[in-house]
Amino acid sequence: LIAAVEACDVMLKTADVSLVGLRKVKAGLVTILIQGDVAAVKASVDAGSQAADLVTSNSVISTNIIARPNEHIEIAMIVVKIKLVNQIIF
């Protein structure tokens with residue numbers, strides 16, 4: 001979780017992106033959702049991955065960037081954001 005918080009902090013400071021959510025999945029796995037233009041998200045994810053690996057080596061299992069998501073994905077992201085606002089994540 002500490003590596004995820006560090007990654008999230010660096011990602012938000014690196015480029016003009018916004019945090020959609022940070023969620024503990026299971027067994028120490030954390031998902032961080034951000035949004036912004038593709039170049040900003042790419043730079044953010046790269047910087048966040050490096051920051052997380054400085055905290056705990058090999059802490060990043062996977063990253064994925066979806067450029068121009070389908071409108072249904074965008075609707076799902078809004079629903080996730082609404083649910084996360086109503087939950088305590090940590």
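Just so it is clear, the structure is predicted and the values come from calculations on it, not from any experiment.
More than 12 non-hydrogen atoms from other residues, nucleotides or ligands lie less than 6.0 angstrom from CD1 of Ile65.
Looking at residues two or more places apart in sequence or on another chain, you find a side-chain contact (heavy atoms from CB on, under 4.5 Å) between Ile32 and Ala4, Ala7, Cys8, Met11, Leu19, Leu22, Val30, Ile34. By the salt bridge (charged side-chain N to carboxylate O under 4.0 Å, His left out) test, Asp46 pairs with Lys42, sequence neighbours left out. Among residues two or more places apart in sequence or in another chain, the side-chain contact (heavy atoms from CB on, under 4.5 Å) test is passed with Leu54 by none.
What you find for Ala40 and Asp37 is that their closest heavy atoms are N-OD1, 2.9 Å. The heavy-atom pair separating Ser18 from Leu12 by the smallest distance is C-CD2, 4.1 Å.
Atom-to-atom distance recorded for Leu33:CG and Arg23:CZ is 9.5 Å, nearest 0.5 angstrom.
Within the structure, salt bridge (charged side-chain N to carboxylate O under 4.0 Å, His left out) contacts touching residues 54-66 (residues at least two apart or in different chains) do not occur. Listed by first then second residue, pairs satisfying side-chain hydrogen bond (donor to acceptor under 3.5 Å, both in side chains) with a partner in residues 2-16 read Asp9-Lys13, not counting sequence neighbours.
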Identify each donor-acceptor pair in which a side-chain atom of residues 55-62 lies under 3.5 Å from a protein atom, sequence neighbours left out, and give them as a table.
residue, atom, partner, partner atom, Å
Ser59, OG, Ala52, O, 3.0
Ser59, OG, Asp53, OD1, 3.4
Ser59, OG, Thr56, O, 3.0

